Each structure stands twice: as structure tokens, then as C-alpha cells.
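Okay, structure first, notes after.
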2 protein chains.
Amino acid sequence: MVKRVTWQREAVRDALSTSEGFVSAQALHSGLRESGSPIGLATVYRALADLAVEGEADSLQQEGESLYRACTPGTHHHHLICRNCGLTVEIEADAVEAWAASVAAQHGFTQPSHVVDVFGLCANCQRA
Amino acid sequence: MVKRVTWQREAVRDALSTSEGFVSAQALHSGLRESGSPIGLATVYRALADLAVEGEADSLQQEGESLYRACTPGTHHHHLICRNCGLTVEIEADAVEAWAASVAAQHGFTQPSHVVDVFGLCANCQRA
DNA sequence: GGTCTTGTTGATAATGATTATCACTAGCAC
DNA sequence: GTGCTAGTGATAATCATTATCAACAAGACC
């Protein structure tokens with residue numbers, strides 16, 4: 001199973017990296033459609049899932065749907081997300097990593113992983 | 001809109017507090033049904049949503065479904081969850097609270113909230 | 001360029017969790 | 001006990017996501 005390069009995957013990757021914050025697959029698809037691309041919905045879902053697996057995109061669950069965002073590959077980081085406009089800032093948190101690992105160990109848990117996201121209202125949205 | 005006390009809500013609350021870890025609404029419903037209760041699925045969903053709002057239950061999203069768990073009301077805490085059996089330990093993390101608040105402030109975000117969950121394999125599941 | 005192999009696409013159907021509907025039931029204040 | 005109305009539950013509706021599968025096209029090879 002050799003991966004092929006298709007314009008569809010590139011289009012999804014581009015659309016993702018153009019977006020300011022987290023976007024849903026549906027939103028990304030209609031955005032692409034509006035800008036003239038005839039890409040299919042199923043393909044957008046597949047491309048996003050692939051990007052997430054390959055570490056080129058981060059994802060999170062909100063209100064029963066998955067949101068995606070381009071991320072800087074190879075680095076472990078978390079997010080500070082505006083709950084109004086979706087604006088997202090990548091944050092690093094070595095202290096939190098260490099804390100999570102030690103808490104897991106204290107209770108006899110191995111293979112620790114964690115979900116850490118911070119939400120708030122960004123400066124722009126506060127004015128509105 | 002005055003709330004009423006019904007045996008259905010009590011049944012859901014009891015079933016929740018009996019459970020070791022996080023459970024889905026569906027699982028809780030079939031559990032109740034198996035133990036002889038004629039409770040309806042919609043009611044279980046409503047009861048769980050209410051408990052979550054009232055702070056008597058915590059919830060998290062996993063693989064596209066909402067999981068619930070009874071929690072000690074009035075205290076802010078996070079969870080250490082076995083990814084195999086669902087066993088859950090409540091953990092407090094003042095350091096993480098402070099960190100989240102300060103990170104938000106540094107980037108001009110207000111009204112910070114956060115999602116922090118640690119997953120791992122519990123001692124029992126490691127042996128299996 | 002032509003051709004072949006097979007990964008990829010996309011319209012659509014299927015799935016599965018959750019929510020809305022609405023007639024009926026049952027708390028609870030009086 | 002009566003009346004008012006919140007709560008219930010069978011079921012239909014919704015909505016995001018995944019599976020299906022025939023048609024398509026990327027890349028390797030000549």
C-alpha cells in the first residue's frame with residue numbers, strides 16, 4: 001500500500017494550514033466547495049484522519065464533533081483555544097508533561113498519555 | 001419549572017455511583033434494563049445530562065460518545081483513567097490549575113477553563 | 001506516449017449516538 | 001382527592017461519521 005499524492009489531499013492540507021483555529025470536517029469541506037473545489041466530503045474526512053495519524057494535524061472533540069487544526073509536526077504541545085472564534089495558540093508545557101507522568105506512576109498506571117486543553121476568550125472576542 | 005423527584009432519576013444516580021469508571025448512556029441503560037428496571041433510554045440521557053449540569057457527574061468524550069461518572073460534588077478535580085477497563089481515580093492538581101490560568105492570562109485570554117485528563121494502563125490491566 | 005496495477009475518489013447508503021416529538025403518566029401543592 | 005404541569009418513554013428525526021463500490025487516476029514500467 002504505497003501512498004499516492006493527490007490534489008485532494010494537498011487541498012485539505014492547504015485549507016487546514018490556512019485556517020486560524022480548529023475546524024470541523026464539514027466546515028472545511030464547504031469552505032473548499034465554496035472556493036470552487038469539487039472535492040467530496042468522504043475524501044475530506046479521510047484526508048483529515050490521515051493527517052492526524054501522521055502527526056500533521058491535531059484534533060479535539062467538541063459538542064459531539066471532531067475539530068482539526070494544522071500543527072507543527074514532531075513537537076508535543078497543547079492548545080489555548082478561544083471558545084468564541086476558535087483562535088488557537090500552541091503552548092508547550094513541560095511541567096504538565098512531568099506532572100501527568102508522575103501522577104500516573106503514583107497510582108500504578110503505565111503507558112501514560114494525556115489530554116490537556118485550555119479554553120478562554122481571546123482579546124478580540126472580549127471587546128465584542 | 002420546579003424539579004420533581006422520580007425513581008428514574010434516582011435509579012440513574014445509583015447506577016452511576018455503583019459503577020467503577022466512566023460509562024456511556026447506552027451501557028448504563030442496558031445495565032438498568034438487565035437488572036429489571038423498565039426505564040427508557042431517553043430518560044437515561046436526560047438524567048445524565050442533568051447530573052452533569054448539577055455537578056454531580058463528570059463527563060468526557062471518547063470515540064464519539066459521551067461517558068459519565070459520579071463525582072464528589074463541589075470539588076474541582078481531574079481524572080486518571082485506565083484506557084483498558086475504565087477504572088478511574090480522581091486527582092487534584094492545584095499546580096495545573098494555576099498553570100492553566102497563567103498561560104491564558106499571558107496570551108490575553110480571559111474566563112479560562114480547561115480539560116485535563118490522564119490516561120494509562122492500571123496495575124490490573126498490565127498483568128492481563 | 002501507452003498500458004497496467006492498485007491506491008484513491010465521491011455519490012450515496014448505512015450506521016450509531018443523541019435529541020426532538022408528543023401523548024400519557026405521575027409528583028406534589030392545595 | 002383534584003388539578004396543574006414536569007417527567008416519561010416509544011419512536012421518529014437529526015447529524016456527524018463510516019462503509020460501499022464502481023469509476024478514476026498516480027506512478028511504475030516499457
Side-chain angles (χ1 to χ4, degrees), chain A residues 1-16 19 21-54 56-69 81 83 86 115 117, chain B residues 1-16 19 21-54 56-69 81 83 86 115 117:
Chain A
M1 165 98 84
V2 184
K3 270 224 167 109
R4 291 177 185 174
V5 177
T6 63
W7 64 264
Q8 287 96 333
R9 292 227 219 264
E10 296 305 313
V12 170
R13 189 204 306 275
D14 287 355
L16 245 204
S19 155
F22 281 83
V23 242
S24 70
Q26 308 265 357
L28 213 141
H29 176 245
S30 37
L32 283 166
R33 276 303 183 76
E34 279 170 22
S35 54
S37 170
I39 194 171
L41 178 59
T43 304
V44 173
Y45 273 101
R46 279 186 291 242
L48 287 174
D50 284 355
L51 288 171
V53 167
E54 292 157 15
E56 295 195 63
D58 285 321
S59 68
L60 62 85
Q61 319 290 319
Q62 201 173 44
E63 292 165 23
E65 68 181 356
S66 292
L67 304 182
Y68 296 86
R69 178 172 188 275
I81 303 153
R83 116 181 89 228
V115 176
D117 290 302
Chain B
M1 168 95 85
V2 183
K3 268 220 169 116
R4 290 175 186 175
V5 177
T6 63
W7 65 263
Q8 286 95 333
R9 292 226 217 264
E10 296 305 313
V12 170
R13 190 206 305 275
D14 286 355
L16 246 204
S19 155
F22 281 83
V23 243
S24 69
Q26 308 265 357
L28 213 141
H29 176 245
S30 39
L32 283 165
R33 276 303 183 74
E34 278 170 21
S35 52
S37 170
I39 195 170
L41 178 58
T43 304
V44 173
Y45 273 101
R46 280 186 290 242
L48 287 174
D50 284 354
L51 288 171
V53 167
E54 292 157 15
E56 294 196 64
D58 285 321
S59 69
L60 63 84
Q61 319 290 320
Q62 201 174 44
E63 292 165 22
E65 67 181 356
S66 291
L67 304 182
Y68 297 87
R69 179 170 187 276
I81 304 153
R83 108 181 97 227
V115 176
D117 290 302

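In what follows, chains carry the letters A, B, and so on, assigned in the order in which the sequence lines appear, proteins first and then strands, with residues in each chain numbered from 1. Everything numeric in this text was worked out from a predicted model, so none of it was measured.
Rounded to an integer number of Å, the gap from CH2 of A/Trp7 to P of D/dA25 is 10 Å. Across the protein-nucleic acid pair, B/Lys3 atom NZ and D/dT5 atom C1' stand 15 Å apart, rounded to whole Å. Protein atom CG of B/Leu48 is 10 Å distant from nucleotide atom P of C/dT18, rounded to whole Å. Nucleotide C/dT8 holds its P atom 8 Å from the CG atom of A/Asp50, rounded to whole Å. For B/Leu32 and D/dG9, the CG to C1' distance is 14 Å, given to the nearest whole Å. When the P atom of C/dT8 is taken as reference, atom CD of A/Glu10 falls 13 Å away, rounded to whole Å.
Residue B/Ser66 is in sugar-phosphate contact alone, with no base atom involved, counting any heavy-atom pair closer than 4.0 Å across all strands shown. Across all strands, A/Thr43 comes closer than 4.0 Å to base atoms (heavy-atom distances).
Considering only the side chain of A/Ala42, D/dA19 comes nearest among D/dA10, C/dT18, D/dA19. Each of C/dA17, C/dT8, D/dG7 was ranked by its minimum atom distance to the side chain of B/Tyr45; first place goes to C/dA17. For A/Thr6, the listed nucleotide lying nearest its side chain is C/dT9; candidates were D/dG9, D/dA10, C/dT9. Ranking C/dA17, C/dG10, C/dG7 by closeness to the A/Arg4 side chain, first place goes to C/dG7.
Contact check, A/Gln8 against C/dG10: a side-chain N or O comes under 4.0 Å of OP1 or OP2. For D/dT18, the OP1/OP2 oxygens have no side-chain nitrogen or oxygen of A/Arg46 closer than 4.0 Å.
Look at B/Arg13 and B/Glu54 and you find no salt bridge, because none of the NZ, NE, NH1 or NH2 atoms lies under 4.0 Å from a carboxylate O.
Side-chain contact between A/Val12 and A/His29: absent, with no pair of heavy atoms (C-beta onward) separated by less than 4.5 Å.
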